[in-house]
**Q** 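First, the structure itself, so that you have it in front of you.
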Amino acid sequence: FTAEAAANTGDNQTYRMTNTAKRVWDRTATITVKVAGIATGESYTLDRLRGRVTFATVNAARGAVTLDGSYLPLTTAARAKGFSWTITIQNLEDSDFETVQANGGMRTRIQGLRDVSGTIDRRWTIDTYFKDALVAGVPVVIEFFLDYTGQPDLICWALLNKSQAASAVEGLAEENIEFEGTTDDDDRAYSLS
């Protein structure tokens, strides 16, 4: 995409691509952020999973924001009959003699590595999308809607680590997919609504 408009979300700091079909950006492609048609020198972060740019500062006088880059066209690959996802953050102990004494003998911790993982349960189909992604070892984008209204509650970059088919005599053939998160070039594995 070239010179795609991004609209202010109301805080004069976060801008979101207006073209909804192009809101998930390639994990590794260069995204150029322009203000008034010129590549910006301002500091910003990208949320490639939701098509957002958040500048480091609030600026009500910022010119029109446009974006150049590459997006991923999305399609529905699976409708789940069950799913689960978990976000974890490893809490690391950083206690030292002075802080333990100052805290009355209590440990102190800081947050370390983050992760997302989960499962998708669906009726088995002849569609080989998940099997192909698993065998190829390529990341996929997974969106989860808790009530299927508006925006997805969670979007993540995922590497599949299991695709299992099962059936019973008096049941439907079903597939269970397991995944773990992976990151994009901006070190983001997931985006919450």
**Q** Where do Ser193 and Pro152 come nearest, in terms of heavy atoms and distance?
**A**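 In terms of heavy atoms, the two residues are closest at CB-O, 3.4 Å.
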
**Q** State, yes or no, whether a side-chain contact exists between Trp157 and Arg27 at a heavy-atom distance under 4.5 Å.
**A**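 Touching, per the 4.5 Å side-chain cut-off.
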
**Q** Other than Leu113, what residues sit in its cluster of Ile, Leu, Val, Met, Phe, Trp and Tyr side chains whose heavy atoms are under 4.5 Å apart, directly or through others?
**A**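 Other cluster members: none.
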
**Q** For residues Thr28 and Asp26, report the shortest heavy-atom separation together with the two atoms involved.
**A**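 Here Thr28 and Asp26 meet closest at N-OD1, 2.8 Å.
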
**Q** Return the set of residues passing salt bridge (Lys or Arg N to Asp or Glu O under 4.0 Å) with Arg109 (not counting sequence neighbours), or none when no residue passes.
**A**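 Scan of Arg109 (salt bridge (Lys or Arg N to Asp or Glu O under 4.0 Å), adjacent residues dropped) gives none.
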
**Q** Please determine if Lys34 and Asp68 form a salt bridge, counting it only when a charged side-chain N lies under 4.0 Å from a carboxylate O.
**A**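 The answer is yes: the pair qualifies as a salt bridge.
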
**Q** State, yes or no, whether a side-chain contact exists between Trp25 and Leu72 at a heavy-atom distance under 4.5 Å.
**A**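 Heavy-atom side-chain distance check fails, nothing below 4.5 Å.
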
**Q** Side chains of Gln111 and Gln90: closer than 4.5 Å at any heavy-atom pair?
**A**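 Not in contact.
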
**Q** Looking only at heavy atoms, which two atoms of Pro139 and Thr182 are closest? And how far apart?
**A**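 Minimum heavy-atom contact is CB-CG2, 4.0 Å.
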
**Q** Is any side-chain heavy atom of Met17 less than 4.5 Å from a side-chain heavy atom of Leu67?
**A**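 SC-SC contact between Met17 and Leu67 confirmed.
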
**Q** Is the closest side-chain heavy-atom distance between Thr119 and Lys162 below 4.5 Å?
**A**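 Of all side-chain heavy-atom pairs linking Lys162 with Thr119, none is under 4.5 Å.
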
**Q** Could you verify whether a donor N or O on one side chain and an acceptor N or O on the other, from Thr88 and Asp115, lie under 3.5 Å apart?
**A**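 Result is no, nothing qualifies.
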
**Q** Quick check: do Leu74 and Glu143 have side-chain heavy atoms less than 4.5 Å from each other?
**A**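 Side chain of Leu74 against side chain of Glu143, heavy atoms only: contact under 4.5 Å found.
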
**Q** Could you walk me through whether Arg48 and Asp186 satisfy the salt bridge (Lys or Arg N to Asp or Glu O under 4.0 Å) test, starting with their C-alpha distance in whole Å, then the side-chain angles of each, then the deciding distance to 0.1 Å, before giving a yes or no?
**A** CA-CA 8 Å; Arg48 293 170 183 262; Asp186 302 300; 2.5 Å; yes

**Q** Of all heavy-atom pairs between Phe179 and Cys156, which one has the smallest distance, and what is that distance?
**A**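 Taking every non-hydrogen atom into account, CE1-SG, 3.8 Å.
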
**Q** Answer yes if the side chains of Ser191 and Arg50 hold a donor-acceptor pair under 3.5 Å, and no otherwise.
**A**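 Yes, side-chain donor-acceptor contact under 3.5 Å.
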
**Q** With no hydrogens and no angle check, is any side-chain donor or acceptor of Thr66 less than 3.5 Å from a backbone partner on Glu4?
**A**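 No: the side chain of Thr66 does not pair with the backbone of Glu4.
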
**Q** Transitively linked via ILVMFWY side-chain contacts under 4.5 Å: Val141 with Ile87?
**A**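 No, separate clusters.
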
**Q** Does any N or O in the side chain of Asn8 come within less than 3.5 Å of the main-chain N or O of Asp11, such that one atom is a donor and the other an acceptor?
**A**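 Yes, Asn8 side chain to Asp11 backbone: donor-acceptor pair under 3.5 Å.
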
**Q** Please tell me whether Ser163 and Glu175 have a donor and an acceptor in their side chains that are separated by less than 3.5 angstrom.
**A**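 Short answer, yes.
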
**Q** Spell out, as yes or no, whether a donor-acceptor pair under 3.5 Å connects the side chain of Ser95 to the backbone of Thr108.
**A**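 Yes, because the side chain of Ser95 sits within donor-acceptor range (under 3.5 Å) of the backbone of Thr108.
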
**Q** Please report the interatomic distance OG1(Thr54) to CG(Leu46), rounded to the nearest 0.5 Å.
**A**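 That separation rounds to 8.5 Å.
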
**Q** Does one hydrophobic cluster hold both Ile120 and Leu160, with members joined at side-chain heavy-atom distances below 4.5 Å?
**A**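 Hydrophobic grouping puts Ile120 with Leu160.
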
**Q** Please determine whether residues Leu192 and Leu49 belong to a single hydrophobic cluster, defined as Ile, Leu, Val, Met, Phe, Trp and Tyr linked transitively by side-chain heavy-atom distances below 4.5 Å.
**A**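 Result: no, two separate clusters.
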
**Q** Does Glu170 have any salt bridge (Lys or Arg N to Asp or Glu O under 4.0 Å) partners at least two apart in sequence or in another chain, and if so, which?
**A**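 Here no residue qualifies.
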
**Q** Treating Ile, Leu, Val, Met, Phe, Trp and Tyr as nodes and any side-chain heavy-atom pair under 4.5 angstrom as an edge, say whether Trp85 and Leu159 lie in one connected cluster.
**A**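 In one cluster: no.
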
**Q** Could you tell me the separation between the CG atom of Asn161 and the CD atom of Glu178, rounded to the nearest 0.5 Å?
**A**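 That separation rounds to 5.5 Å.
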
**Q** According to side chain to side chain donor-acceptor pair (under 3.5 Å), who are the partners of Thr18, at least two apart in sequence or on a separate chain?
**A**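 Testing Thr18 for side chain to side chain donor-acceptor pair (under 3.5 Å), a comparison that skips the adjacent residues, returns none.
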
**Q** Nearest 0.5 Å please: distance from the CG atom of Asp121 over to the OG atom of Ser84.
**A**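 That separation rounds to 7.5 Å.
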
**Q** May I have all residue pairs that pass ring-ring contact (aromatic ring centres under 6.0 Å, His included) and include part of residues 44-63, sequence neighbours excluded?
**A**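 Every ring-ring contact (aromatic ring centres under 6.0 Å, His included) pair that includes a residue of residues 44-63, provided the two are not neighbours, is Tyr15-Phe55.
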
**Q** What are the two closest heavy atoms between Thr57 and Arg62, and how far apart are they?
**A**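 It is O-NH2, 3.0 Å.
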
**Q** Consider only side-chain heavy atoms of I, L, V, M, F, W and Y, link residues closer than 4.5 Å, and tell whether Tyr190 and Leu146 are in one cluster.
**A**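 Yes, one cluster joins them.
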
**Q** State, with a plain yes or no, whether a side-chain heavy atom of Thr86 is found less than 4.5 Å away from one of Val116.
**A**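 Thr86 vs Val116: side chains apart.
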
**Q** Listed by chain and number, what are the salt bridge (Lys or Arg N to Asp or Glu O under 4.0 Å) partners of Arg188, not counting sequence neighbours?
**A**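 Partners of Arg188 by the salt bridge (Lys or Arg N to Asp or Glu O under 4.0 Å) criterion, ordered by chain and then number, come out as Asp47.
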
